[in-house]
S.K.: 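Following this message is one structure expressed as structure tokens.
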Amino acid sequence: EFISVANLATALGVKLELFISQLGELGFEEIAKDSIMTGETAALVAQEYGFEPTVDAGEDEDLRPRPPPEDPSSVPLRPPVVTIMGHVDHGKTTLLDFLRKSSIAAGEHGGITQHIGAFSVQMSSGKQITFLDTPGHAAFLSMRQRGANVTDIVILVVAADDSVKPQTIEAIKHARSAKVPMIVAINKIDKDQANVERVKSDLAANGVEIEDYGGDVQVVCVSGKTGQGMDDLEDNILLLSEMLDIRAEPDGMAEGWVLESSIKPIGRVATVLVKRGTLRPGDFIVAGRVFAKVRSLRNEAGVEVEEAPPGTAVEILGWKEPPEAGDMVLQAPTEDKAKSAVHYRIEQKEREEAMEQITEMERLKRERELERLAAEEAEKNAEEAEEKPDGPKMINFTVKGDVHGSVEAVTASILEIGNNEVRPRVLLSSPGQITESDVEHAAISGSTIINFNNPIAGHIKRMAIDNKVRILDHNIIYNLTEEVRQVLSENLAPTI
Ligand code: GDP
């Protein structure tokens, strides 16, 4: 995790002497060839040189999801996970309540329904569907923002008497950008004002390729109030899920996502949607930087279950700290492994925070340095103006070159140019590529940058344009001095 400056220079293919002077420009102080940097700092430096480094910081300590199965078709099917979305008052809650009731009616244990963030419906065929029961886009979105694409299918609810509304369109966009297939449920068809055809044409007008218009998005007419069409909806979900061929390994280390996390009278609980493997009491799991030894699993009926296979959600008891909704859950083979992963992640977080602080400190330091230079500059200009009110106009330059020798040569030859009216003045000169602080300094001091025999990084070019800093880029001294002459003559008072 650590590297010496000398080794880093070798890795980047930069001469050590040059590298050390460039580190100075980047704001590092008292750097010698045997100075030691952390992997993170070295990575930042490497980025300055156009590399895209990855820091290998003891990855083995962490837990990661397994690679996908080699032969996915050999893996069993799992229940689809479905989210209901749509405009406010179009019936999301009513549909979920209806589905939940049917799940309890079919439930063998007589528990008390509780909200855990998801519930499963058992079909007469024995097949199962898992519904996320936090309606609305906020939950869907916040999970997605955290990289958790937990939903396999979106049910888009549109009220037959109200048709497509702003949140309907938003839901369509979310489903599309998450690449989650949709089924349309046209709800409230029991109402007199229901106008199914209008809903269909409005959907088509909003780019939903529904069946009746030659597309493949299924449309089901339902009523959450009377229950009409609800069987069809469930059948359609299963049909689509068969087409999607949703499969997962029921064995191996479990993986899933935290749907919700809360404190209940029985203790700290979090609902986990299992995506692979099977969770059981006694398992060791990690979610974000939180450890749990699974004490018990309970379903949405509040009934303790012995296992949670893929595609089901259970409330888990046994957390040390509350995990966050959207955190990925990973099972560890042993308690030690789980705990060292948590330890690693906590340290990693601390390292990141420390890095942020250092970067911020370096930025502030550089800012102060530039302010100081600008103030000095202003003072110098003022003094000179006082000293020689009729003296030549001084034009500022910064000289950068590949090596020390060329910087000296360039500086010497441009200082020979000039006359009584206008003369060049070199404010800064150093070997190495143009840096951000060179451009910032040039912008403040109104300097033209001379770049001799050096590549210029793309972001530096853009930064120079943005800051209206001119760069003269040459590798032949003669051409360079010609252009410097031209710059000087542009600054001459026009002769009439
Ligand atoms: P949400 O905001 O999308 O969750 O909508 P709700 O489920 O809260 O429903 C809004 C209103 O529409 C409530 O007054 C429901 O009783 C009513 N509603 C929902 N579904 C139906 C239906 O199929 N038919 C009728 N007539 N009313 C419904």
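Since this is a predicted model, take the numbers as computed values, not measurements. FYI, side chains are in, hydrogens and waters are out, and symmetry mates aren't considered; it's all heavy atoms of this structure.
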S.K.: Does the pair Thr10 and Asn7 meet the rule for a side chain to side chain donor-acceptor pair (under 3.5 Å), with working shown?
M.R.: CA-CA 5 Å; Thr10 312; Asn7 287 342; 4.9 Å; no

S.K.: Is the shortest side-chain heavy-atom distance between Glu234 and Ile129 below 4.5 Å?
M.R.: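 Sidechains of Ile129 and Glu234: in contact.
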
S.K.: How long is the straight-line distance from CG of Asp133 back to OG1 of Thr93, given to the nearest 0.5 Å?
M.R.: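 Result: 9.5 Å between the selected atoms.
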
S.K.: Quick test of your reading of the model: are Arg66 and Glu255 salt-bridged, counting only N-O distances below 4.0 Å?
M.R.: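 Yes, charged N to carboxylate O under 4.0 Å.
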
S.K.: In Å and rounded to the nearest 0.5 Å, what is the CD to CG distance from Gln128 to Leu238?
M.R.: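 So the gap between those two atoms works out to 10.5 Å.
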
S.K.: Take Asp162 and His90, measure what side chain to side chain donor-acceptor pair (under 3.5 Å) needs, and give me the verdict at the end.
M.R.: CA-CA 8 Å; Asp162 203 23; His90 279 198; 2.8 Å; yes

S.K.: Which atoms form the tightest heavy-atom contact between Val290 and Glu321, and what is the distance?
M.R.: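 Of all heavy-atom pairs spanning Val290 and Glu321, the closest is CG1-O, 3.0 Å.
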
S.K.: For a quick test of reading the model, state the closest non-hydrogen atom pair linking Val286 to Ala338 and the distance between them.
M.R.: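 So the minimum-distance heavy-atom pair works out to CG2-O, 3.4 Å.
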
S.K.: Evaluate the side-chain proximity of Glu335 to Phe291: yes if any heavy-atom separation is below 4.5 Å, no if none is.
M.R.: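 A side-chain contact exists here, since the closest heavy-atom pair is under 4.5 Å.
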
S.K.: Could you check whether Arg78 pairs with Asp152 (Lys NZ or Arg NE/NH1/NH2 to Asp/Glu carboxylate O, under 4.0 Å)?
M.R.: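 Yes, Arg78 and Asp152 are salt-bridged.
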
S.K.: Do Lys127 and Glu242 have side-chain heavy atoms sitting under 4.5 Å apart?
M.R.: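 Of all side-chain heavy-atom pairs linking Glu242 with Lys127, at least one is under 4.5 Å.
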
S.K.: Would you say His87's side chain and Gln167's backbone share a donor-acceptor pair under 3.5 angstrom?
M.R.: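 Yes, the answer is positive, given that a donor and an acceptor are paired below the 3.5 Å cut-off.
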
S.K.: With rounding to the nearest 0.5 Å, note down the distance linking CD in Gln218 to CE in Met243.
M.R.: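 So the CD of Gln218 and the CE of Met243 are separated by 7.0 Å.
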
S.K.: Does the side chain of Leu44 come within less than 4.5 Å of Glu48's, by heavy atoms?
M.R.: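 No, their side chains stay 4.5 Å or more apart.
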
S.K.: Give the intermediate values and the outcome of salt bridge (charged side-chain N to carboxylate O under 4.0 Å, His left out) for residues Lys349 and Glu353.
M.R.: CA-CA 6 Å; Lys349 170 95 176 154; Glu353 281 168 1; 3.7 Å; yes

S.K.: I'd like to know if the side chain of Asp336 reaches the main chain of Lys339, judged simply by a donor and an acceptor atom lying under 3.5 Å from each other, with no hydrogens or angles considered.
M.R.: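 Absent.
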
S.K.: I need the Ile31 CD1 to Ile20 CD1 distance, nearest 0.5 Å.
M.R.: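 Spacing of CD1 (Ile31) from CD1 (Ile20) equals 7.5 Å.
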
S.K.: Around atom NZ of Lys320, are there more than 12 heavy atoms of other residues, nucleotides or ligands at under 6.0 Å?
M.R.: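 Atom NZ in Lys320 is not crowded, with 12 or fewer foreign heavy atoms closer than 6.0 Å.
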
S.K.: Are any side-chain N or O atoms of Lys188 and backbone N or O atoms of Asp161, one a donor and one an acceptor, separated by less than 3.5 Å?
M.R.: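 Not confirmed, Lys188 side chain does not pair with Asp161 backbone.
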
S.K.: Just by distance, do the side chain of Ser261 and the backbone of Glu324 share a donor-acceptor pair under 3.5 Å?
M.R.: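 Side chain of Ser261 to backbone of Glu324: no pair is present.
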
S.K.: Is the count of non-hydrogen atoms from other residues, nucleotides or ligands lying under 6.0 Å from Lys225 atom NZ greater than 12?
M.R.: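 No.
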
S.K.: Roughly how far apart are Gln348 CD and Met355 CE, rounded to 0.5 Å?
M.R.: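 It is 12.0 Å, given to the nearest 0.5 Å.
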
S.K.: Between Glu367 and Arg363, is the closest basic N to carboxylate O distance under 4.0 Å?
M.R.: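 Looking at Arg363 and Glu367, the cut-off is met.
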
S.K.: Would you say the side chain of Val154 lies within less than 4.5 Å of the side chain of Pro181, judging by non-hydrogen atoms?
M.R.: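 No, side chains not in contact.
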
S.K.: Mind listing the closest non-hydrogen atom pair of Leu63 and Ala341 along with its distance?
M.R.: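 For Leu63 versus Ala341, the nearest heavy atoms are CG-CB, 3.8 Å.
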
S.K.: Is the shortest side-chain heavy-atom distance between Leu23 and Met37 below 4.5 Å?
M.R.: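 Answer yes - side chains close enough.
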
S.K.: Side chains of Pro250 and Pro309: closer than 4.5 Å at any heavy-atom pair?
M.R.: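 No. Closest side-chain heavy atoms not under 4.5 Å.
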
S.K.: Can you name the one residue among Thr83, Thr151, Leu99 that meets side chain to side chain contact (heavy atoms under 4.5 Å, CB included) with Phe131?
M.R.: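 With Phe131 as partner, side chain to side chain contact (heavy atoms under 4.5 Å, CB included) holds for just one option, Leu99.
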
S.K.: Is the shortest side-chain N to carboxylate O distance from Glu369 to Arg372 below 4.0 Å?
M.R.: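 Arg372 and Glu369: salt-bridged.
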
S.K.: Surrounding CD of Glu360 (heavy atoms of other residues, nucleotides or ligands, distance under 6.0 Å), is the total greater than 12?
M.R.: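 Correct, the count exceeds 12.
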
S.K.: Could you pull out the closest heavy-atom pair between Ile116 and Arg298, with the gap in Å?
M.R.: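 Distance-wise, the nearest heavy atoms are CD1-O, 4.2 Å.
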
S.K.: Checking Thr271 side chain against Glu260 main chain: does a donor-acceptor pair fall under 3.5 Å?
M.R.: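 A pair under 3.5 Å: no.
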
S.K.: Within the side chain of Arg247, is there an N or O that forms a donor-acceptor pair under 3.5 Å with the backbone of Val75?
M.R.: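 Yes; at least one donor-acceptor contact below 3.5 Å.
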
S.K.: Under 6.0 Å from the CD atom of Gln193, do we count more than 12 heavy atoms belonging to anything else shown?
M.R.: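 More than 12 within 6.0 Å, yes.
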
S.K.: Rounded at 0.5 Å granularity, tell me how far CG in Asp190 sits from OG1 in Thr226.
M.R.: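 These two atoms lie 5.0 Å from each other.
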
S.K.: Grab the two heavy atoms, one from Ala118 and one from Thr130, that are nearest each other, plus how far apart they are.
M.R.: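 So the two residues come closest at CB-CG2, 4.4 Å.
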
S.K.: Checking Arg345 side chain against Gly288 main chain: does a donor-acceptor pair fall under 3.5 Å?
M.R.: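 At least one qualifying donor-acceptor pair exists.
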
S.K.: For Val469, does its backbone N or O pair with a side-chain atom of Asn467 as donor and acceptor, under 3.5 Å?
M.R.: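 Answer holds: no.
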
S.K.: Just by distance, with hydrogens left out, do Asp97 and Thr94 show a side-chain donor and acceptor under 3.5 Å apart?
M.R.: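 Not at all, the side chains of Asp97 and Thr94 share no donor-acceptor pair under 3.5 Å.
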
S.K.: Is it the case that the side chain of Glu209 and the backbone of Gly215 share a donor-acceptor pair, with hydrogens and angles ignored and the cut-off at 3.5 Å?
M.R.: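 Looks like no, no N/O pair under 3.5 Å.
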
S.K.: Please answer whether the main-chain N or O of Asp232 pairs with a side-chain N or O of Asp235 as donor and acceptor at a distance below 3.5 Å.
M.R.: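 Between the backbone of Asp232 and the side chain of Asp235 there is no qualifying donor-acceptor contact (under 3.5 Å).
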
S.K.: Is Ile237 close to Pro80 at the side-chain level, that is, under 4.5 Å between some pair of heavy atoms?
M.R.: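 They are in side-chain contact.
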
